[in-house]
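Values reported hereafter were calculated over all heavy atoms of this structure, with side chains retained and with hydrogens, waters and symmetry mates removed. Below, chains carry the letters A, B, ... as their sequence lines are ordered, and counting in each starts from 1. What you see is a predicted model, and the numbers here were worked out from it, not measured in a lab.
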Amino acid sequence: MVPVIELAKVRKTFGSVIALDGVSFDVYPGEVHCLLGDNGAGKSTLIKVLSGVHQPTQGTIRIDGQDVQFKSPRDAYKAGVATVFQDLAMLPLMSITRNFFLGREPTKGRGIFRRFDAKFADVVTRKEMVRIGIDIRDPGQAVGTLSGGERQGLAIARATYFGAKVLILDEPTSALGVHQASMVLKYIDQARKNGIGVVFITHNINHAYPIGDRFTLLNRGTSHGTFKKAEISREEILRVMAGGEDLDALMEQLPGVEA
Amino acid sequence: MSEASAESSKAIRIEKKGAGSDASRLAKQSWFSHVMHRPESGAVSGLVFVYVFFVLFANGSGMFSAEGLMNIFKVSAELGILAVSVSLLMIAGEFDLSIGSMVALAGLIIGVGVAKLGLSLPVAVMIAFVFSLLIGAFNGYLVVRTKLPSFIVSLATMFILRGVAVAATRMLTGKTQISYVVNELNQNSWVVSLFSGHLFTGLFQTLAEHGVIDMRPDGLPAVQGIPMSILWWLAISALATWMLLRTRLGNWIFATGGDLNAARNMGVPVDKVRILLFMFSAVSATLFATIQVLESGSADTLRGIQKEFEAIIAAVIGGSLLTGGYGSAIGSMFGALIFGTVQIGMFYTGIDTDWFKVFLGVMVLLAVLFNDYIRKMATSSR
């Protein structure tokens with residue numbers, strides 16, 4: 001099987017700062033690939049390269065095995081790479097339907113009578129939300145009435161509906177409570193079942209480990225390797241993320257602490 | 001740990017179902033709360049209050065005669081034409097303080113064109129409209145390009161346009177007032193009937209002859225017909241409402257004002273939307289000016305002063321948020337109607353009209369507080 005998106009030995013520098021150094025990363029269809037790393041590890045830079053915001057200084061990006069160059073997020077989007085950033089690009093005062101179709105509104109009629117096809121949009125929105133596991137009461141209600149987890153679900157459903165092959169989720173659970181976060185994990189699982197390759201960025205191993213198929217650990221701009229779930233334990237991931245021996249030393253000083 | 005959390009979340013969900021399943025929540029929502037969630041609800045209740053007040057205190061004063069009502073509608077219509085475009089701009093998160101000056105300038109272009117340059121009335125009106133499109137585009141371009149708040153940018157153009165209007169008029173004509181813009185030569189022009197004519201004049205004549213409405217001593221009805229300004233107001237408001245609620249552009253306007261970056265990230269052409277709306281506000285100012293000039297027959301550099309604020313007041317009363325992203329075009333109609341009713345009503349009740357501005361200020365405060373409350377309701381779970 002060919003990875004739906006692949007970064008090969010990508011290097012990205014900002015002036016003299018090396019943000020990414022020879023990082024390779026790939027996602028297969030129907031897989032959740034977790035990208036783990038502490039603050040400043042290069043997670044943000046990596047997803048910005050994946051989503052076309054930044055262009056790699058060296059290295060290549062491949063979509064379905066073909067070399068591509070993303071000049072803008074729009075290029076990436078057209079290639080089927082959808083990124084859900086932390087702000088979600090949601091408008092709380094607008095309805096669920098209007099948010100769902102924002103910028104890609106279905107229309108009917110011609111010329112000056114070309115208008116927003118509200119009925120079709122409502123039907124699709126409700127159907128897509130149910131498909132991901134959210135039973136909305138009224139697609140006309142404001143997005144502000146949804147919980148944080150449901151908004152993530154809406155963003156995922158939206159990206160899926162508009163033909164995403166790769167879904168990049170930037171810290172989708174970080175601002176959420178326990179119950180909301182587990183709902184988001186359920187939505188991610190649903191997207192995976194629909195055959196989408198999911199890149200799940202987080203620094204919370206408790207969210208990543210149950211859902212992830214593979215894990216890539218980033219530290220200071222370099223990759224510490226990609227591991228299948230069977231190959232690595234939760235504790236091992238945490239140890240690498242935190243900087244290895246530093247954490248071990250800390251553990252010895254703080255008796256009674258478990259990772 | 002994950003098994004445990006899944007277990008507990010299941011338990012929680014069952015509890016929620018018991019408290020109120022989805023179907024029963026839908027049923028519980030009354031039409032009243034649905035109506036109250038609309039951005040216009042504040043303006044409509046304000047309008048009801050205003051009419052109850054004047055029916056109690058001004059009944060029999062002639063305020064509710066055909067003539068009085070037509071006066072109310074005329075004042076409301078003229079402000080309403082401005083308020084519609086201002087409310088669209090506010091929904092998109094922008095202000096245009098230059099429309100008052102645009103009113104003066106557009107009127108003077110028509111006046112100078114006809115009285116000084118000898119242009120025909122249709123040509124002069126056309127030039128005014130083309131010019132306003134350019135001014136609007138310039139305003140919009142400045143805002144999107146400089147990324148400065150439109151409040152500041154349009155404050156600058158407000159002074160620039162007013163200054164140009166006064167200086168150029170005085171330079172060309174030596175005066176600040178131009179009379180006889182509509183004269184014997186052009187008073188039968190189609191432009192005059194289009195902007196300042198009356199509809200249903202025959203019907204109103206018949207009504208007057210049968211004593212339904214008052215007749216003047218000269219045998220003409222007290223109300224000649226429905227002024228074109230009212231028709232323009234209704235047409236432009238209906239168009240704006242349709243556009244806002246039923247077209248892609250409408251969706252983009254809400255999104256632009258709701259969150260500029262989010263809208264841009266979703267592929268909404270936010271710059272184009274804003275430039276277009278600034279053009280629309282300049283055009284509606286010119287429409288207002290044309291109606292005024294053709295009705296009064298003269299142009300004046302003092303026209304349109306404070307109209308930008310009055311239009312913002314009408315839009316705010318109509319439910320548009322100062323922060324953008326929420327509001328209604330039809331609400332601005334109700335806002336303008338409250339404005340016109342109180343202004344004319346005060347005259348009929350004999351309240352010193354100096355108090356009008358006090359009333360306006362209080363209305364604005366109440367409207368802003370109410371809008372804030374409505375917004376909270378709209379984003380709270382229903």
Side-chain angles (χ1 to χ4, degrees), chain A residues 51 53 73-74 77 83-85 87-95 97-109 112-118 121 135-138 140-147 149-150 155 158 162 177-183 185-186 206-207 209-211 234, chain B residues 1-6 8-13 16 20-26 28-29 34 37 39 91 239 242-252 254-270 321 323-327 374-382:
Chain A
S51 62
V53 177
R74 195 163 269 273
Y77 185 81
T83 310
V84 178
F85 286 105
D87 69 359
L88 298 181
M90 290 279 162
L91 299 140
L93 284 168
M94 286 170 74
S95 73
T97 302
R98 281 172 182 266
N99 268 286
F100 193 94
F101 283 98
L102 182 59
R104 295 180 287 254
E105 295 83 357
T107 55
K108 59 181 176 186
I112 55 164
F113 294 109
R114 212 168 93 128
R115 59 202 186 274
F116 181 54
D117 192 346
D135 187 10
I136 48 172
R137 294 180 282 279
D138 169 15
Q141 77 192 64
V143 158
T145 63
L146 295 179
S147 69
E150 286 170 331
R158 177 169 70 179
F162 287 105
V178 179
H179 175 67
Q180 297 285 332
S182 68
M183 276 170 68
L185 297 184
K186 202 180 78 187
N206 291 328
H207 294 156
Y209 201 74
I211 192 86
R234 188 191 297 251
Chain B
M1 186 238 145
S2 62
E3 284 84 1
S5 76
S8 70
S9 72
K10 249 180 216 162
I12 289 165
R13 215 167 294 139
K16 271 188 182 166
S21 76
D22 294 340
S24 72
R25 288 192 79 153
L26 256 184
K28 260 187 223 159
Q29 195 195 341
H34 190 78
H37 274 99
I91 294 169
L239 188 77
W242 184 75
M243 194 180 75
L244 206 51
L245 299 179
R246 285 283 168 268
T247 69
R248 310 181 71 181
L249 181 60
N251 215 24
W252 295 350
F254 278 113
T256 302
D259 186 336
L260 199 65
N261 277 325
R264 193 182 274 129
N265 285 342
M266 292 310 294
V268 174
V270 290
L321 286 185
T323 44
Y326 195 69
I374 287 287
R375 174 179 47 179
K376 282 192 191 118
M377 293 292 288
T379 53
S380 72
S381 202
R382 335 186 208 166

The interface call for B:Leu321 against chain A, heavy-atom contacts under 4.5 Å, is side chain

For each of B:Leu249, B:Val268, B:Asn251, B:Thr247, tally heavy-atom pairs with chain A at distances under 4.5 Å, and name the one with the top tally.
B:Asn251

Please enumerate all residues that pass salt bridge (Lys or Arg N to Asp or Glu O under 4.0 Å) together with A:Arg74, with sequence neighbours excluded.
none

Checking A:Leu102 against chain B: side chain, backbone, both or neither under 4.5 Å from a heavy atom?
both

Kindly write out the residues that satisfy salt bridge (Lys or Arg N to Asp or Glu O under 4.0 Å) with B:Arg248, not counting sequence neighbours, or none if the list is empty.
A:Glu105

Does atom CZ of A:Arg104 have more than 12 heavy-atom neighbours, drawn from other residues, nucleotides or ligands, at distances under 6.0 Å?
yes

Count the heavy atoms belonging to other residues, nucleotides or ligands that lie under 6.0 Å from CZ of B:Arg246, then report whether that count exceeds 12.
no

A:Phe162 vs A:Phe101 aromatic rings, parallel, tilted or perpendicular, using cut-offs 30° and 60°?
perpendicular

Answer with side chain, backbone, both or neither: which region of A:Ile211 has an atom nearer than 4.5 Å to a non-hydrogen atom of chain B?
neither

Side chain, backbone, both or neither: which part of A:Arg158 has an atom under 4.5 Å from a heavy atom of chain B?
side chain

